[in-house]
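Below is one structure, written out as structure tokens, with a few remarks after it.
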Amino acid sequence: MKKDFYITTPIYYPSAKPHMGHAYSSIVADFFARFKRIQGYDVFFLTGTDEHGQKIQRAAEKRGMDPKSFCDEISKTFFDLSKTLNLSNNDFIRTTEKRHEKSVQYLWNILEKKNEIYLSKYSGWYSVSDEAFYSDDEIELVNDKKVSKTSGSIVEWVEEESFFFKLSKWQEPLLKFYKENPNFILPESRRNEVINFVKSGLKDLSVSRKSFSWGIKVPSNKEHVIYVWLDALTNYLSALNFPDTNNKLYKSFWPATIHLIGKDILRFHAIYWPAFLLAAEIKPPKRVYGHGWILSGEEKMSKSKGNILDPIEIINKYGLDPLRYYLIKEVSFGNDGNISQDKLENCINSDLANNYGNLCQRVISFLEKNLEMKVPNNFEFNIDDKKILDTFNKDFNKLVDSIDSQDINYYVNFIQEQLFASNKYFNDQEPWKKKENKKRLNTILYVSLELIRKISVMLYPIIPNSSLKVLKAFNISEESIDINSIKLHENLKINQKLNKISILFKKIEKND
RNA sequence: GGCGGGGUAGCUCAGUUGGUUAGAGCGCGGGACUCAUAAGCCCGAGGUCAGUGGUUCGAUCCCACUUCCCGCUACCA
């Protein structure tokens, strides 16, 4: 059984500053990466920026900058965000790097050599004001002039020399590929969209541009730059040192386990990308998951409160882990999620402060007052104790499966149930009434500590900083965190002295 | 227009391969306790499961229609 796991975020297009959608993709990818690491996998987690294309070139010109300096500046904001979000990425790739350029040109050459690319003319009705091409049925005749039906702007017939990728040829192979790999595109509803699209017929794809220069040159014809998507998608290979397919990274991690993307760029990842790769005889990735969008409640966009969608502002105000937890917990993964400051505050108070934070606090402070912070030694589990501890092994396989099938919500719900159960356990056992029964008191505390340990391990991929505060207080180092340890009931060494922890999550004062 | 998904408690959502009292979290009301971040625990109120019609012994779940919302319908990324 191979224990390698390669996960990617989209590489972000730095034409504007990072928003909540970027943060969401990254946070979820980090969640999977961290989980697989504590499951013992060798993980390669990649993120980065996609820096070529006309839009960037124009944005740079507007600012009176050369495109590269412009990209350096904006790419840095995304790099900084990856730090702010505490991402555990192994690499941060930029498409303006030499290693990437080499990789893209190499892929291009393969395609060209295999006759998958040919030179022809791109023609169509182009609207200068819309910066868009329209097909015959999208234009109409008004006052003897051809205009776009949608925008009404005048269109003109344009022809431009362009290289084409023989996408049409890959229609049937793609459909076959989807059929043989039913989980290649997830969630299922998205897969159906893609399959319908492919079934409706694929035209050859224009994969070069002459109209602007900010991109990777076509090796055989320097007047052309390579189409941004062929360029951008290849980043997933470049970071593994492609075209050197004999190096360790490539051999271990390709094909990628999962490309995590937003639903808006599904087509590029689910159609073009596997088509390019099949054509080049490179294995396509194993899975493409198109998650939903993060939306903010309509009335929440008030100017006075500021824009909820700005991840940096939210993190400054509430902290990183609360945002990570909130996004992972409350967004139904795969669907669009409505977020609001109000919901975030509720989530922090109930789930993090009252439930998890307070559980840690009440148990540890009880341990301090009664057992001088030492893990109890003389104890014996009864049926109730065993039952609550056993939940974790009973459902362990389901938990692991939920991650492998990207059922994040199952995973988080399980944690929440265990938090409720643990608080209830402490309540029902009433250790404060058992001070004369030392052995029972020891047992209740040992069980409670074990529950906190197990839950904190499970929380590590979601809220690494907070989880680590607890685990470190339990003398568990980050490197030694192992998801399999939640199956153990006596993992905490007896008599060891634990450390105090400060309040994990401060409650938000609600004023209304 | 075509294809697809959806309308379930105040809010966010789960669920039912059709079967006695439809679930969770949050919010709300009440109770007992006190280790804890006035946290936690227990109990409770709240739903004609979008509407209409049909199939069925029986439908929230199947079918048809109506209505509302959303997604996809290729070369901006």
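The sequence lines fix the lettering, A, B, ..., with proteins before strands; numbering per chain opens at 1. Values in this document were obtained by computation on a predicted structure and should not be read as measured data.
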Applying a 4.0 Å non-hydrogen cut-off, can you work out what [X] is touching in the nucleic acid: base, sugar-phosphate, or nothing?
{"X": "A/Gly201", "result": "base"}
{"X": "A/Gly53", "result": "nothing"}
{"X": "A/Asn409", "result": "nothing"}

If you check every side-chain atom of [X], which of [options] has the closest atom?
{"X": "A/Lys263", "options": "B/rA74, B/rG40, B/rG71", "result": "B/rG71"}
{"X": "A/Leu205", "options": "B/rC75, B/rA77, B/rA36", "result": "B/rC75"}
{"X": "A/Asn358", "options": "B/rC3, B/rC75, B/rU37", "result": "B/rU37"}

Has [X] got a side-chain atom pairing as donor or acceptor with [Y]'s backbone, closer than 3.5 angstrom?
{"X": "A/Asn358", "Y": "A/Ala353", "result": "no"}
{"X": "A/Thr443", "Y": "A/Phe381", "result": "no"}
{"X": "A/Glu51", "Y": "A/Arg94", "result": "no"}

Rounded to whole angstrom units, what separation is found between the CG atom of A/Asp351 and the C1' atom of B/rU12? 12 Å
Verify whether the ring centers belonging to A/Trp229 and A/Tyr272 lie closer than 6.0 Å. no
Indicate, yes or no, whether a donor-acceptor pair under 3.5 Å links the base of B/rC41 to the side chain of A/Lys424. no
Distance, C1' atom - from B/rA50 to B/rC68, rounded to whole angstrom: 8 Å
